[in-house]
There are 2 protein chains.
Amino acid sequence: MLEPEAVTPVTLYVCATCRAAGDTAEPRAGARLLAALQDAVSLGAYPGITVESVECLSVCKRPCTVAVASEGRWTYVYGDLDPVASAGTILDGVALYAETPDGIVPWKARPQEFRKGVVARIPPFPPLAAPRITDAAE
Amino acid sequence: MLEPEAVTPVTLYVCATCRAAGDTAEPRAGARLLAALQDAVSLGAYPGITVESVECLSVCKRPCTVAVASEGRWTYVYGDLDPVASAGTILDGVALYAETPDGIVPWKARPQEFRKGVVARIPPFPPLAAPRITDAAE
């Protein structure tokens, strides 16, 4: 486990209103994913990662959805996530993100769910003075 | 025209590498949209809006793509934009965004391209202390 002070804080936004078309189960899939992520983080294995509930990330056609943001790093949005099975994978992927200076994890190191489920990425805001490192996002 | 000092700065990120499948035209559609937006902004009608080129926003299946970000406001990502016809619409929509405290333009006031083309939205980062205003994002 990394020491908490070694990690630049990361916010993991989780859409709590996500649900698949026709799925009337309560709590919603997004709320179930949120609870799974909060439970996992509360155990202390992911220092520096804060899970935050959001009412809607506007990715309604690809539930469940999360976004990861951190000062000086690219923001990533992911969809097509499973409300139960994906929680550990998400946190492992976000932990890799937290270890980078700019939020860009090498393509091959990214969890399969992140490679297939990427919805968008946004440059660090406010813009960095230094030239950005970019990579292809197949 | 609003006075420049009345507007909290807004960054409009434009994917310069976007192109439709099978479209081999150069410059790419994304680069053409970028040029159209830069030309329009250079005329001075959109104070406070900075257009910035990005190599990839990871929305490759919905070209052309832009993202709009501003301190204390939600970030929005839009796709399915036309490289020529959309430039004016995008800037008018971003100008509405720049007039809000939180980046949330009432649904009915949003350009049709933004309603249909929304890819994702991300809460203000770093998180605001005050409760967020949210709205449905159909």
Side-chain angles (χ1 to χ4, degrees), chain A residues 8-18 50-63 65-80 103-105 107 110 114-129 131-138, chain B residues 8-18 50-63 65-80 103-105 107 110 114-129 131-138:
Chain A
T8 302
V10 171
T11 301
L12 176 61
Y13 296 107
V14 184
C15 176
T17 46
C18 267
T50 301
V51 175
E52 189 159 334
S53 175
V54 180
E55 204 171 308
C56 182
L57 290 168
S58 288
V59 195
C60 308
K61 291 181 181 171
R62 298 180 65 180
T65 312
V66 303
V68 56
S70 181
E71 188 175 346
R73 294 185 171 115
W74 288 71
T75 293
Y76 282 82
V77 184
Y78 299 106
D80 305 326
I104 299 178
V105 176
W107 182 259
R110 298 179 196 178
F114 281 11
R115 292 191 219 171
K116 289 191 173 181
V118 65
V119 172
R121 65 173 196 168
I122 301 104
F125 186 87
L128 299 174
R132 297 211 177 92
I133 299 167
T134 56
D135 75 344
E138 297 93 54
Chain B
T8 302
V10 170
T11 301
L12 177 61
Y13 296 107
V14 185
C15 176
T17 46
C18 266
T50 301
V51 175
E52 189 160 333
S53 175
V54 179
E55 204 170 308
C56 182
L57 290 168
S58 287
V59 195
C60 308
K61 291 180 180 171
R62 297 181 65 180
T65 312
V66 303
V68 56
S70 183
E71 188 174 345
R73 295 183 171 116
W74 287 72
T75 293
Y76 281 82
V77 184
Y78 299 106
D80 304 327
I104 299 178
V105 176
W107 182 258
R110 299 180 195 178
F114 281 11
R115 291 191 221 171
K116 289 191 172 180
V118 65
V119 171
R121 66 173 196 168
I122 302 103
F125 186 86
L128 300 173
R132 296 213 177 91
I133 300 166
T134 56
D135 74 343
E138 295 94 52

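Order of the sequence lines fixes the chain letters, A, B, ..., with proteins taken first and strands second; residue numbering starts at 1 for each chain. The figures that follow rest on heavy atoms only: side chains count, while hydrogens, waters and symmetry mates do not.
- Heavy-atom pairs under 4.5 Å with chain A were tallied for B:C15, B:A67, B:S70; the largest tally goes to B:S70.
- Two residues are said to be in side-chain contact when any heavy atoms from C-beta on lie closer than 4.5 Å; A:D80 and A:K116 fail this criterion.
- With a 4.5 angstrom heavy-atom cutoff, B:V77 touches chain A only via side-chain atoms.
- No donor-acceptor pair under 3.5 Å is formed between the side chain of B:T65 and the backbone N or O of B:G79.
- Side-chain contact between B:L12 and B:V14: present, with at least one pair of heavy atoms (C-beta onward) separated by less than 4.5 Å.
- Judged by distance alone, with hydrogens and angles left aside, the side-chain atoms of A:R110 form a donor-acceptor pair with the main-chain N or O of A:V105 at under 3.5 Å.
- Both the backbone and the side chain of B:A120 come within less than 4.5 Å of a heavy atom in chain A.
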